[in-house]
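This report concerns only the one structure given below.
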Amino acid sequence: MNLQRIEDEALHLPKEERAQLIQRLVLSLESPSEEEMKSDWLLEARRRAEELDNGSVQAVLGDDVMRKARALIK
């Protein structure tokens, strides 16, 4: 399918669907690179470690998290 045909078909979509398509296309252009994602996750891991170290959050056992999650979806 070529670009012209895709454009023609997209223009025949209802307004809401065209808006959704636009949003998905824009988001696909804004996706971070793999290096940016690694950097972002490293920063997040450091932030969470600092919260644990300074006592502003409490660690929760993985088994407890899974038990609560399973209870929520039942």
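All values below were derived from every heavy atom in this structure, side-chain atoms included, with hydrogens, water molecules and symmetry-related copies excluded.
- Membership of the apolar cluster around Val65 extends to Val60, as traced through chained side-chain contacts below 4.5 Å between ILVMFWY residues.
- Taking the salt bridge (Lys or Arg N to Asp or Glu O under 4.0 Å) definition, one finds that Arg47 meets it with Glu44, Glu51, sequence neighbours left out.
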Glu50 and Asp53: CA distance, side-chain angles, deciding distance, side chain to side chain contact (heavy atoms under 4.5 Å, CB included) verdict: CA-CA 5 Å; Glu50 185 177 321; Asp53 291 343; 5.6 Å; no
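- Under the salt bridge (Lys or Arg N to Asp or Glu O under 4.0 Å) criterion, the residue pairs touching residues 9-24 are Arg5-Glu9, with sequence neighbours excluded.
- Listed by first then second residue, pairs satisfying side-chain hydrogen bond (donor to acceptor under 3.5 Å, both in side chains) with a partner in residues 59-68 read Asp64-Arg67, not counting sequence neighbours.
- Note: Leu3 CG to Asp8 CG = 9.5 Å, rounded to the nearest 0.5 Å.
- To the nearest 0.5 Å, atoms CG (Asn2) and CD (Glu7) are separated by 10.0 Å.
- Leu72 belongs to no hydrophobic cluster with other residues, because no ILVMFWY side-chain heavy atom falls under 4.5 Å from its own, directly or through intermediates.
- Ser39 places no side-chain N or O within donor-acceptor distance of the main-chain N or O of Glu36, the cut-off being under 3.5 Å.
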Pair Gln23-Leu27, side chain to side chain contact (heavy atoms under 4.5 Å, CB included): steps then yes or no: CA-CA 6 Å; Gln23 182 179 20; Leu27 287 174; 4.0 Å; yes
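- Grouped by direct or indirect side-chain proximity (heavy atoms under 4.5 Å, Ile/Leu/Val/Met/Phe/Trp/Tyr only), Leu52 sits with Val57.
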